[in-house]
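The sequence lines fix the lettering, A, B, ..., with proteins before strands; numbering per chain opens at 1.
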Amino acid sequence: MAKEITSRTEDYSQWYLDIVHKARLADNSPVRGCMVIKPHGFAIWELMRDALDGMFKATGHVNAYFPLFIPKSFLSKEAKHVEGFAQECAVVTHYRLKTVGDTAETRQVVVDPEAKLEEELIVRPTSETIIWNTYRDWIQSYRDLPILLNQWANVVRWEMRTRPFLRTAEFLWQEGHTAHSSANEAMEEARKMLEVYATFAEEYMAMPVIKGVKTENERFAGADETFCIEALMQDGKALQAGTSHFLGQNFAKAFDVTFLNKENQQEYVWATSWGVSTRLVGGLIMTHSDDDGLVLPPKLAPIQVVIVPIPKPGPELEAASEKIAQALRARGIRVKVDNDDQNRPGFKFAEYEMIGVPVRLGLGMRDLEAGQVEVARRDTKTKENVPLEKIDQHVFELLEEIQKNLFERARAYRDAHITRVDHWDAFEQTLEEKGGFISAHWDGTTETEKEIKERTKATIRCIPLDAEEEEGVCILSGKPSRRRVLFARAY
RNA sequence: CGGGGCGUAGCGCAGCCCGGUAGCGCACCUGCUUUGGGAGCAGGGGGUCCCAGGUUCGAAUCCUGGUGCCCCGACCA
């Protein structure tokens with residue numbers, strides 16, 4: 001057994017790292033906090049990206065690209081924004097290196113002190129500033145609005161502690177940046193994109209999410225309102241999976257972006273921004289995977305079906321395998337036929353389970369003679385024999401079934417881990433013993449929120465959009481509250 | 001930036017206390033036999049023992065100083 005994975009009960013975070021490495025998703029890099037995304041990991045991200053990109057286009061957005069480097073002065077224009085990001089920015093100060101030393105042993109590259117930049121450049125932690133600096137030139141009148149723009153990019157946030165996909169110093173994401181002529185329209189946009197994210201998370205990732213609003217304390221630096229989708233991982237910790245911000249006129253004011261409205265009056269432009277990142281890959285792993293490796297929902301599986309000839313691939317088996325593959329491909333299914341004769345079937349079974357292939361077809365002479373195929377599903381680890389002539393229809397339906405099953409399973413777990421709590425003792429106890437979301441009353445003050453965080457490490461993940469009005473008293477302060485909010489320890 | 005742990009073959013580790021020609025498992029290469037759940041046998045290749053000083057006839061091992069990584073905290077998508 002060469003590729004053992006640490007069990008989830010033994011050490012959840014080691015299990016996560018094992019999955020990342022053994023499912024060949026990513027490697028560590030020589031640079032602290034950065035990772036190499038390997039082909040299999042990147043293929044998952046590509047599927048996510050393509051699906052999201054299609055959804056953005058369908059809601060009227062277009063893609064563009066803004067620079068990696070941002071003049072330092074830009075960042076300081078919006079007070080809260082700087083405050084939020086200043087702590088974690090990478091800064092470019094020079095533009096040239098030179099070599100010193102005469103011999104091969106002593107020669108080294110140093111920063112040329114002569115080549116100091118007059119104004120330092122910030123490696124973007126997010127692009128609001130450079131984009132709004134540009135929008136000033138693009139926007140004159142209400143006729144120029146709205147601008148519905150998205151960019152796919154990498155950003156850098158110099159984090160203290162990192163974990164592959166969940167929090168890396170450099171990560172890939174998309175950031176939508178829209179400009180509107182009214183507050184209402186901008187707010188609608190922010191909510192619309194939250195819906196897009198929620199739909200994507202649930203329909204593609206099979207990851208149930210709760211849509212909500214962030215408290216002032218948890219809000220994006222520079223936003224008037226931050227909407228989010230929150231998911232629950234198998235260890236009972238919450239994961240913020242996507243955010244959508246109503247930025248008000250904050251960036252328009254900071255960058256002096258105004259437009260003439262229909263009444264011929266100058267007005268500041270209203271803004272939104274929204275993003276999801278490669279963090280979603282981490283969420284995907286932690287939502288479905290088990291102690292045998294990665295489990296992927298069919299819609300995001302680079303290989304949806306693998307066909308393994310048993311025992312050794314011979315001409316007859318290869319022909320039969322290829323024929324099945326063709327039939328599946330004709331239905332738009334991503335299939336791999338593993339004709340490699342270096343590894344034994346047992347090894348291959350374990351390997352494909354490790355990398356999360358949803359369906360495996362085992363095909364041996366015995367099956368051929370019986371006119372059947374062995375169908376194994378990754379999510380339940382069950383096997384059945386299916387007649388050859390029905391295989392394509394069967395697999396097509398099975399993939400849908402698996403997609404649905406993963407979602408239902410994750411939702412059942414999530415729902416079972418939302419606990420309504422009305423007393424402080426129960427709050428602490430639930431957090432320690434059960435984890436998950438805790439639905440409780442909160443007095444609405446940042447002070448109380450911080451106090452709770454300090455005592456328990458739990459934060460307010462969101463105020464659910466569908467939270468019902470309900471009179472109650474704050475779990476900590478006993479002050480009146482009008483609705484419950486969701487607490488959890490989070491990634 | 002605080003507290004702890006670890007740097008020895010691609011990966012995981014032993015050896016270090018008690019100094020004496022660097023080892024194990026997996027992976028890799030060659031050959032044969034195997035192939036319905038991670039194959040077996042035989043042969044083989046691969047190392048600045050994190051770096052720099054020091055002690056010593058001799059250092060992976062002892063001493064000093066660096067440095068990198070991991071875990072736990074403070075910060076965060």
Side-chain angles (χ1 to χ4, degrees), chain A residues 1-6 11-14 16-18 21-22 24 27-34 83-89 105 125-126 154-175 197 214 217-221 223 226 228-231 238-245 273-283 292-293 308-314 317 338 340-354 360-370 372-374 376 381 383 385 450 453-454 457 459 461 490-491:
Chain A
M1 291 293 203
K3 301 207 171 175
E4 287 253 323
I5 294 175
T6 307
D11 184 345
Y12 193 83
S13 69
Q14 190 56 50
Y16 177 80
L17 292 172
D18 286 352
H21 292 130
K22 298 198 168 137
R24 303 196 294 266
D27 277 342
N28 290 323
S29 85
V31 182
R32 198 191 101 83
C34 296
E83 217 174 286
F85 286 106
Q87 299 286 325
E88 51 188 33
C89 285
E105 286 81 42
T126 179
N154 58 337
V155 289
V156 169
R157 296 181 189 174
W158 213 263
E159 299 290 350
M160 304 273 189
R161 283 189 61 201
T162 60
R163 311 184 70 190
F165 294 108
L166 291 174
R167 178 167 296 107
T168 47
E170 179 193 13
F171 56 92
L172 306 183
W173 78 343
Q174 59 68 217
E175 44 182 326
Y197 288 156
K214 286 292 187 188
N217 184 48
E218 295 278 332
R219 201 177 281 161
F220 173 74
T226 289
C228 61
I229 51 172
E230 294 283 331
L239 182 80
Q240 178 177 308
T243 50
S244 176
H245 315 290
S273 67
W274 27 275
V276 294
S277 72
T278 36
R279 166 177 257 204
L280 289 179
V281 177
D292 294 316
V308 180
I310 298 162
K312 188 173 185 168
L317 282 177
D338 188 348
D340 174 22
D341 67 354
Q342 299 302 306
N343 293 312
R344 298 155 63 97
F347 180 88
K348 293 179 181 178
F349 293 172
E351 196 66 13
Y352 289 110
E353 279 161 16
M354 186 83 74
R360 183 188 72 236
L361 303 184
L363 187 65
M365 292 311 291
R366 213 195 285 163
D367 300 302
L368 273 190
E369 280 155 22
Q372 63 183 29
V373 192
E374 183 188 78
K381 302 209 70 179
K383 292 189 236 188
N385 290 316
K450 284 183 172 167
K453 183 181 178 184
E454 203 158 306
K457 292 185 188 110
T459 51
R461 301 319 303 155
Y491 277 98

> My understanding is that a pair needs two contacts under 3.5 Å, Watson-Crick or G-U wobble. By that rule, which nucleotide pairs with C69(B)?
G5(B)
> Output the rounded distance in Å from CD1 (Ile5(A)) to P (C26(B)).
19 Å
> Could you tell me which nucleotide pairs with G43(B) by Watson-Crick or G-U wobble geometry, both distances under 3.5 Å, or answer none if nothing does?
C29(B)
> Measure the distance from CD on Glu351(A) to P on A27(B) and round it to the nearest whole Å.
12 Å
> Let me know the distance between CD of Gln342(A) and P of A27(B), rounded to the nearest Å.
14 Å
> Between G36(B) and Arg344(A), is there an OP1 or OP2 to side-chain N/O distance shorter than 4.0 Å?
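For G36(B), OP1/OP2 do have a side-chain N/O of Arg344(A) under 4.0 Å.
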> Using a strict cut-off of less than 4.0 Å between a Lys/Arg side-chain nitrogen and an Asp/Glu carboxylate oxygen, indicate whether Lys22(A) and Glu351(A) qualify as a salt bridge.
no
> Cut-off 3.5 Å, side chains only: do Asp18(A) and Thr6(A) have a donor facing an acceptor?
yes
> Tell me: OH of Tyr12(A) to C1' of C71(B), nearest whole Å?
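In whole Å, C71(B) C1' and Tyr12(A) OH are 18 Å from each other.
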> Please report, rounded to the nearest Å, how far the C1' atom of U35(B) is from the CG atom of Asp340(A).
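So the CG-C1' distance, Asp340(A) to U35(B), works out to 12 Å.
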> For Asp11(A) and G12(B), give me the distance from atom CG to atom C1', rounded to whole Å.
16 Å
> Report yes if a donor N or O on one partner sits less than 3.5 Å from an acceptor N or O on the other, where the partners are the side chain of Glu353(A) and the base of G37(B); otherwise report no.
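Counting by modelled atom types and ignoring angles, a donor-acceptor contact under 3.5 Å is found here.
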> Would you say the side chain of Val308(A) lies within less than 4.5 Å of the side chain of Leu361(A), judging by non-hydrogen atoms?
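They are not in contact (no side-chain heavy atoms under 4.5 Å apart), so the answer is no.
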> Determine which nucleotide pairs with A77(B), using a 3.5 Å limit on both distances of a Watson-Crick or G-U wobble pair.
none
> When rounded to the nearest 0.5 angstrom, what is the spacing between CZ in Phe165(A) and CG in Leu280(A)?
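Those atoms lie 11.0 Å apart.
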> Would you tell me whether His245(A) and Ser273(A) have side-chain atoms, one donor and one acceptor, within less than 3.5 Å of each other?
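No pair is found: no donor N or O on one side chain lies under 3.5 Å from an acceptor on the other.
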> From the list G73(B), G38(B), G36(B), which nucleotide is the closest neighbour of the side chain of Lys457(A)?
G73(B)
> Expressed as a whole number of angstroms, how long is the span from Asp27(A):CG to G10(B):P?
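To the nearest whole Å, that distance equals 14 Å.
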> Decide yes or no, distance alone: a donor-acceptor N/O pair under 3.5 angstrom between the base of G36(B) and the side-chain of Asp367(A).
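A donor-acceptor contact between them is present.
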> Now, which nucleotide makes the Watson-Crick or G-U wobble pair with U64(B), with each of the two distances under 3.5 Å?
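Across any shown strand, U64(B) pairs with A52(B).
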> Can you measure Gln14(A) atom CD to C69(B) atom C1' for me and round it to whole angstrom units?
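Going from Gln14(A) (CD) to C69(B) (C1'), I get 14 Å.
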> Closer to the 5' end of RNA chain B via nearest nucleotide, is it Gly33(A) or Arg366(A)?
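Going by which nucleotide is closer to the 5' end, it is Arg366(A).
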> Just the table, please: protein N/O against nucleotides 75-77 of chain B N/O, every pair under 3.5 Å.
| unit_1 | atom_1 | unit_2 | atom_2 | d |
| --- | --- | --- | --- | --- |
| C76(B) | O2' | Glu159(A) | OE2 | 3.0 |
| C76(B) | O2 | Arg167(A) | NE | 2.0 |
| C76(B) | O2 | Arg167(A) | NH1 | 3.1 |
| C76(B) | O2 | Arg167(A) | NH2 | 2.1 |
| C76(B) | N3 | Arg167(A) | NH1 | 3.4 |
| C76(B) | N3 | Arg167(A) | NH2 | 3.0 |
| A77(B) | O3' | Gln240(A) | OE1 | 3.4 |
| A77(B) | O3' | Gln240(A) | NE2 | 2.6 |
| A77(B) | O3' | Arg279(A) | NH1 | 3.1 |
| A77(B) | O2' | Arg279(A) | NE | 2.8 |
| A77(B) | O2' | Arg279(A) | NH1 | 2.0 |
| A77(B) | O2' | Arg279(A) | NH2 | 2.9 |
| A77(B) | N6 | Thr168(A) | O | 2.5 |

> Base of G37(B), side chain of Arg360(A) - is there a donor-acceptor contact under 3.5 Å?
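For Arg360(A), whose side chain was compared with the base of G37(B), there is a donor-acceptor pair (under 3.5 Å).
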> Scan every strand shown for a Watson-Crick or G-U wobble partner of C24(B), both distances under 3.5 Å, and answer none if you come up empty.
G12(B)
> If you assign each of Leu17(A) and Leu363(A) to its closest nucleotide in RNA chain B, which residue comes earlier from the 5' end?
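It is Leu363(A), whose closest nucleotide lies nearer the 5' terminus.
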> Can you find an N or O donor on one side and an acceptor on the other, under 3.5 Å apart, linking the side chain of Lys383(A) with the base of G37(B)?
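Such a pair is found, so the answer is yes.
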> Tell me whether the count of non-hydrogen atoms from other residues, nucleotides or ligands lying under 6.0 Å of CD in Gln14(A) goes above 12.
yes
> So that I can tick it off, tell me whether Glu170(A) and Arg157(A) are bridged by a salt bridge, with the cut-off set at under 4.0 angstrom between side-chain N and carboxylate O.
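Here Arg157(A) does not pair with Glu170(A) in a salt bridge, since their nearest N and O are not under 4.0 Å apart.
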> Rounded to the nearest 0.5 Å, how far does CD of Glu218(A) lie from OG1 of Thr226(A)?
10.0 Å
